**Q** 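I have a structure here, written as C-alpha cells, and I will follow up with some questions on it.
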Amino acid sequence: MDILSLTVGKTFSFDVPEESMSIILNSGAPMLVFNFSLSEKNITAFRNGVSSFGLFAEKNLLFFLFKIEGFLDWSDLAFTIHLVQDEEIEDHDSYLPFNLVLVDSSTSIIKALRMVTVSPTFRSVLVRAIERQHQEPFNVIEYYKGIKVIYDTYPEVVLMLKKALIVEQGGRTFKDN
C-alpha cells in the first residue's frame, strides 16, 4: 500500500461505518481510525490524552486494545493479517508508530491526527502474533465466528486486559507475558 496523505480539515476518503473504529496497516504501521460525532472537548482529549495499548490473542485471533484518557475508555478491535493487502510489520529493535486519525462522522472531515509509539517489545509481540496468524489457514466465516466466541467469553475489554500479551502506556511496558 502507498503511504496515505492525511490532512486535518480534509476529507477522509475511506469508507468506514459511522460511529466506529477501524484499524489498517499503512506502510507497516498500524493506523487507528475513530469515526465519531465530536465536540471540541472530544477533539482536545484525543490530541492530548495519555494513550495506552495492549494486545490480546486467543485461538489465533488477535485484538488490539487501546485507551485514550478523557477520550475513550479501554476498547478493542479484532485484527487479522489475512485481510490486509500485502502489508507487514517488520520485527526490529525500534519503537512502532501508531497513527491515530479522528474523523467527524457527520462530515467525514479529519479533525485531528496523532502519532504515538509502542516499545520494541510490543512490536516483537505483535509481529510474533501476526506470524502465527500467517501460518494458519484462513476462512472469513470462521474468523467472524471466532470473534463472536471471544466476545461471548470476554464480554468486557477489561477481561481481555487481564490476559493480554502486553500492555503499555506511552511506550512503556506495564505487562508482558
Side-chain angles (χ1 to χ4, degrees), residues 1 3-4 14-17 19-36 50-68 71-102 114-177:
M1 173 187 286
I3 293 177
L4 301 175
F14 293 89
D15 188 27
V16 292
E19 305 303 318
S20 71
M21 301 173 289
S22 301
I23 187 165
I24 61 173
L25 290 183
N26 180 26
S27 298
M31 183 169 77
L32 292 168
V33 179
F34 303 91
N35 189 30
F36 296 138
V50 174
S51 61
S52 300
F53 291 92
L55 291 173
F56 170 84
E58 190 168 291
K59 299 179 183 176
N60 211 31
L61 296 168
L62 178 63
F63 291 79
F64 282 85
L65 311 174
F66 48 90
K67 172 184 175 179
I68 302 173
F71 174 73
L72 186 69
D73 288 330
W74 278 107
S75 299
D76 64 90
L77 278 173
F79 176 82
T80 181
I81 197 65
H82 297 287
L83 297 177
V84 179
Q85 298 176 349
D86 301 322
E87 284 280 349
E88 62 183 52
I89 299 173
E90 294 179 6
D91 191 7
H92 48 74
D93 194 30
S94 64
Y95 283 76
L96 177 65
F98 271 66
N99 297 294
L100 309 179
V101 181
L102 184 61
R114 182 174 176 189
M115 185 193 315
V116 296
T117 58
V118 293
S119 72
T121 302
F122 191 105
R123 175 192 282 266
S124 292
V125 170
L126 175 58
V127 169
R128 285 192 308 271
I130 288 172
E131 286 171 351
R132 283 190 297 275
Q133 283 187 334
H134 257 305
Q135 295 170 359
E136 296 291 323
F138 182 72
N139 175 298
V140 71
I141 302 298
E142 292 303 314
Y143 172 69
Y144 286 109
K145 284 181 182 178
I147 290 171
K148 182 188 179 320
V149 169
I150 294 296
Y151 284 141
D152 288 345
T153 306
Y154 303 94
E156 298 176 14
V157 72
V158 293
L159 299 173
M160 288 183 191
L161 278 167
K162 289 179 182 179
K163 293 192 172 189
L165 301 173
I166 189 167
V167 178
E168 293 192 350
Q169 182 180 66
R172 292 185 328 205
T173 304
F174 285 112
K175 179 184 178 193
D176 181 11
N177 287 338

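In this text the structure is predicted, and so the values were computed from the model without any measurement.
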**Q** By the definition side-chain contact (heavy atoms from CB on, under 4.5 Å), identify the one residue from Val167, Ile166, Leu32 that meets it with Phe53.
**A**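 Checked Val167, Ile166, Leu32 against Phe53; only one passes side-chain contact (heavy atoms from CB on, under 4.5 Å): Leu32.
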**Q** Count the heavy atoms belonging to other residues, nucleotides or ligands that lie under 6.0 Å from CD of Glu90, then report whether that count exceeds 12.
**A**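 Counting other residues, nucleotides and ligands, CD of Glu90 stays at 12 neighbours or fewer.
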**Q** Considering only distance and modelled atom types, tabulate donor-acceptor pairs under 3.5 Å from the side chains of residues 131-138, sequence neighbours left out.
**A**
from: Gln133; atom 1: OE1; to: Ile81; atom 2: N; distance (Å): 2.9
from: Gln133; atom 1: NE2; to: Phe79; atom 2: O; distance (Å): 3.0

**Q** For the residue pair Val149 and Leu61, establish whether any side-chain heavy-atom pair is separated by less than 4.5 Å.
**A**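 Not in contact.
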**Q** Within the distance-only criterion (no hydrogens, no angle test), does the side chain of Arg123 pair as donor or acceptor with the backbone N or O of Tyr95 below 3.5 angstrom?
**A**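 Indeed, once roles are kept as given, a pair shorter than 3.5 Å links the two residues.
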**Q** Here's a test for you: under side-chain contact (heavy atoms from CB on, under 4.5 Å), which of Leu165, Val118, Asp91, Leu96 qualifies with Leu126?
**A**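 When side-chain contact (heavy atoms from CB on, under 4.5 Å) is applied between Leu126 and each of Leu165, Val118, Asp91, Leu96, only Leu96 qualifies.
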**Q** Looking at every heavy atom in both Leu65 and Ala164, which two are closest together, and how far apart are they?
**A**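 Result for this residue pair: CD1-CB, 4.2 Å.
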**Q** Closest approach of Pro97 and Ala29, non-hydrogen atoms and distance?
**A**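 Shortest heavy-atom contact: O-CB, 3.6 Å.
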**Q** Grab the two heavy atoms, one from Ser22 and one from Leu77, that are nearest each other, plus how far apart they are.
**A**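 Residues Ser22 and Leu77, closest heavy atoms: C-CD1, 3.7 Å.
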**Q** I'd like to check the ring pair (Phe, Tyr, Trp, His ring centres under 6.0 Å) partners of Phe34; sequence neighbours left out, ordered by chain and number.
**A**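 Testing Phe34 for ring pair (Phe, Tyr, Trp, His ring centres under 6.0 Å), a comparison that skips the adjacent residues, returns Phe46, Phe66, Phe71.
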**Q** Quick check for you: to the nearest 0.5 Å, what is the distance between Thr153 atom OG1 and Met160 atom CE?
**A**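 Here the interatomic distance stands at 9.0 Å.
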**Q** Could you report the tightest heavy-atom contact between Ala78 and Tyr151, atom names first, then the distance?
**A**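 What the structure gives for the nearest pair is N-OH, 4.5 Å.
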**Q** Kindly indicate whether the side chain of Tyr143, heavy atoms from C-beta on, has any atom under 4.5 Å from the side chain of Thr80.
**A**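 Yes, their side chains come closer than 4.5 Å.
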**Q** Roughly how far apart are Leu25 CG and Asn99 CG, rounded to 0.5 Å?
**A**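 Reported to 0.5 Å precision, the distance equals 10.5 Å.
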**Q** State, yes or no, whether a side-chain contact exists between Ile150 and Phe56 at a heavy-atom distance under 4.5 Å.
**A**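 They are in side-chain contact.
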**Q** Write down the atom of Ala129, the atom of Leu62, and the distance for their closest heavy-atom approach.
**A**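 Taking every non-hydrogen atom into account, CB-CD1, 3.9 Å.
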**Q** Please identify each residue that fulfils side-chain hydrogen bond (donor to acceptor under 3.5 Å, both in side chains) with Ser94, with sequence neighbours left out.
**A**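 Once residues adjacent in sequence are excluded, the partners of Ser94 under the side-chain hydrogen bond (donor to acceptor under 3.5 Å, both in side chains) criterion are His92.
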**Q** With a sphere of 6.0 Å drawn around CG of Asp73, does it hold more than 12 non-hydrogen atoms of other residues, nucleotides or ligands?
**A**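 Open.
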**Q** Would you indicate whether the side-chain heavy atoms of Ile130 and Glu88 approach each other to under 4.5 Å?
**A**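 Contact flag for Glu88/Ile130 side chains = no.
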**Q** Are Val33 and Phe14 close enough, and set up right, to give a side chain to side chain contact (heavy atoms under 4.5 Å, CB included), and what steps lead you there?
**A** CA-CA 10 Å; Val33 179; Phe14 293 89; over 6 Å; no
**Q** Got a sec: does the CG of Asp93 have more than 12 other heavy atoms crowding it under 6.0 Å?
**A**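 At most 12 heavy atoms, drawn from other residues, nucleotides or ligands, come within 6.0 Å of this atom.
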**Q** For Lys67 and Leu72, which heavy atoms make the closest approach, and how far apart are they?
**A**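 Shortest heavy-atom contact: CG-O, 3.4 Å.
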**Q** Is the centre of the Tyr154 ring less than 6.0 Å from the centre of the Phe63 ring?
**A**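 Ring-ring flag for Tyr154/Phe63: false, centres at least 6.0 Å apart.
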**Q** Which word best sums up how the rings of Phe98 and Phe122 line up, parallel for under 30°, tilted for 30 to 60°, or perpendicular for over 60°?
**A**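 Perpendicular: the ring planes of Phe98 and Phe122 meet at over 60°.
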